[in-house]
Amino acid sequence: MPELPEVETTRRGITPYLQGESIRQVLVRQPKLRWPIPAEVMALRDAPVLAVRRRAKFLLVDMVGGQLLIHLGMSGSLRVLPNETAPGKHDHVDLLLSSGKLLRYNDPRRFGAVLWSEQPDSHPLLAHLGPEPLEQGFDGEWLAQRAAGRKQAVKTFIMDNKTVVGVGNIYAQESLFMAGIHPSRQAGRISRSRYDRLAQSIQQVLSQAIVAGGTTLKDFSRVDGQPGYFAQELMVYGRAGENCLVCATKLRAARHGQRSTCYCPECQR
DNA sequence: ATCGGGACCTGCTTGC
DNA sequence: TGCAAGCAGGTCCCGA
């Protein structure tokens, strides 16, 4: 599922329903996600929500006494529903809210996670993350500096959470197309000025996708069940064999680290 | 230190 | 029509 724009769309969607409310109780039907749901989460009772934030692809729900971390993995989604709504398949967790609504976590593949941290922002999984792409600290200078000497393909390089967070398989391909960079090019053999352009492209692609409400392919939907519309703006993702929308050259397929890649051999060098 | 590959899991599509 | 293989938006962990 979800890359940064989808997680951010979800964060914006759930915030109005959590802000000023309490989590009355947590109902767990399937505790075996990527990691087991910890006892602290199961034990939550009438806990006020202080804020809903995002770091990388984690949703962070600040509570009195700790922080709830929610990761949507590959196929996860959150919906806000009226209390008592009958659960369907893969509806693993319900957060029952003081408003009478519930926040429901659905995740067919169970690559996602619901975790707990006593201290906000101090969970081990958050410790070694790179910069947020849409905040200070991420730019071409950072990319060029980190890429120095590396032989890794640039696509794999920008999908590495230590390089920059939130860039998954869809937006990595879109960003590289926008920047005119071949996805297989070695990260250490790209000029500073091209990294400036790549950083801008990543920011532009992610920002546009957030505005569109994310990309809906299979599993992802917004909190209200509506789809996101960025799929209409994709230039290369999933289009191997079709013609480039810029130069009409036939788009090619490749693989980087077991993930499929589509690119334009003419526009991307 | 860096890199690639396997692992986790379900469901859908493709090809024989 | 049935079945197996291959693929899917993530990312941690391991061994080379």
Side-chain angles (χ1 to χ4, degrees), chain A residues 1-10 29-37 54-59 69-78 88-93 105-115 123-130 133 145-176 183-189 202 205-206 209-210 212-222 227-234 236-241 253-262:
Chain A
M1 102 77 214
E3 301 187 30
L4 188 146
E6 291 73 34
V7 178
E8 180 60 22
T9 296
T10 300
R29 297 186 194 83
Q30 169 58 277
K32 292 167 70 176
L33 303 181
R34 167 125 198 210
W35 294 279
I37 297 177
R54 179 188 59 72
R55 172 73 173 111
K57 294 171 189 165
F58 285 93
L59 291 163
L69 295 85
I70 301 174
H71 198 293
L72 300 176
M74 201 97 131
S75 58
S77 60
L78 289 170
K89 206 174 185 184
H90 307 306
D91 284 339
H92 305 314
V93 182
Y105 176 87
N106 177 286
D107 185 4
R109 294 178 70 179
R110 285 192 275 132
F111 285 174
V114 178
L115 298 167
H123 194 282
L125 289 172
L126 304 180
H128 303 290
L129 294 172
Q145 173 197 324
R146 186 175 154 75
R150 305 188 79 163
K151 297 185 174 178
Q152 194 180 31
V154 63
K155 188 203 176 198
T156 317
F157 171 69
I158 60 170
M159 288 179 70
D160 181 345
N161 272 339
K162 292 194 270 307
T163 302
V164 58
V165 299
V167 180
N169 199 30
I170 297 178
Y171 301 110
Q173 292 173 61
E174 295 299 311
S175 302
L176 288 166
S184 301
R185 181 166 288 279
Q186 289 184 14
R189 300 187 59 186
I202 288 170
V205 165
L206 294 177
I210 291 170
T215 302
T216 293
L217 298 176
K218 293 196 186 86
D219 303 302
F220 179 72
S221 78
R222 302 188 319 186
Y229 292 102
F230 194 73
Q232 300 169 11
E233 300 178 40
L234 296 174
V236 285
Y237 175 84
R239 299 192 63 245
R255 279 187 95 73
H256 298 93
Q258 350 245 85
R259 313 299 299 278
S260 63
T261 307
C262 180

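Atom set for the values below is all heavy atoms of this structure, side chains included, hydrogens, waters and symmetry mates excluded. Here is how names work: the chains are called A, B, and so on, in the same order as the sequence lines, proteins then strands, and each is numbered from 1.
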>> Walk along nucleotides 2-7 of chain B from 5' to 3' and tag each nucleotide B, S or - by protein heavy-atom contact under 4.0 Å, base first, then sugar-phosphate.
In response: SSSSB-
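A heavy-atom distance below 4.5 Å is not found between the side chains of A/Leu234 and A/Arg239. By the 4.5 Å heavy-atom criterion applied to side chains, A/Val165 and A/Arg55 are counted as neighbours.
Contact between the side-chain N/O atoms of A/Ser260 and the OP1/OP2 oxygens of C/dA8 is found at a separation under 4.0 Å. For A/His71 and C/dT11, the shortest distance from a side-chain N or O to OP1 or OP2 is below 4.0 Å.
Remark: C1' of B/dC8 and CH2 of A/Trp35 are 10 Å apart, rounded to the nearest angstrom. To the nearest angstrom, C1' of C/dC13 lies 14 Å from CG of A/Asn161. Between A/Phe111 atom CZ and B/dG11 atom C1' the separation is 12 Å, expressed in whole Å. The CG atom of A/Asn169 sits 13 Å away from the P atom of C/dC7 (whole-angstrom rounding). Atom pair A/Asn106:CG and B/dC9:C1' shows a separation of 13 Å (rounding to whole Å applied). Taking atom OH of residue A/Tyr237 and atom P of nucleotide C/dC7, one finds them 13 Å apart after rounding to whole Å. In this structure, A/Ile170 places its CD1 atom 18 Å from P of C/dC7, rounding to the nearest Å. Distance, A/Leu33 CG to C/dC12 C1': 16 Å, rounded to whole Å.
Pairing each heavy atom of A/Ala240 with each of A/Cys262, the nearest pair is N-SG, 3.3 Å. Nearest heavy-atom pair, A/Tyr105 versus A/Ala113, reported as atom, atom and distance to 0.1 Å: OH-N, 3.6 Å. Nearest heavy-atom pair across A/Leu4 and A/Arg54 is CD1-NH1, 3.3 Å.
Of the possible donor and acceptor atoms, none in the side chain of A/Glu3 sits under 3.5 Å from a partner among the backbone N and O of A/Pro5.
A/Phe230 has its ring centre no less than 6.0 Å from the ring centre of A/Tyr237.
For the 3.5 Å distance criterion, the side chains of A/Asn169 and A/Lys155 qualify, holding a donor opposite an acceptor.
The separation of B/dA1 from C/dT11, taken at their P atoms, amounts to 23 Å, rounded to a whole angstrom. With P as the reference atom, C/dG6 and B/dG6 are 13 Å apart, rounded to whole Å. One C1' atom belongs to B/dG11, the other to C/dC12, and the distance between them is 23 Å to the nearest Å.
Partners of A/Arg29 under the salt bridge (Lys or Arg N to Asp or Glu O under 4.0 Å) rule, at least two apart in sequence or in another chain, are A/Asp94.
Taking 3.5 Å as the limit, the base of C/dA8 and the side chain of A/Arg259 contain no donor-acceptor pair of atoms between them. A donor N or O paired with an acceptor N or O is found under 3.5 Å between the base of B/dC9 and the side-chain atoms of A/Arg109.
Backbone-only contact: A/Lys89 has heavy atoms under 4.0 Å from sugar-phosphate atoms and none from a base.
In this pair, A/Phe58 and A/His71 present their aromatic rings perpendicular. The plane angle is above 60°, beyond the 30 to 60° band.
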> Once Watson-Crick and G-U wobble pairs under 3.5 Å are found, how is DNA chain B written in dot-bracket notation, 5' to 3', with | for any base paired to another strand?
Replying inline: .|||||||.|||||||
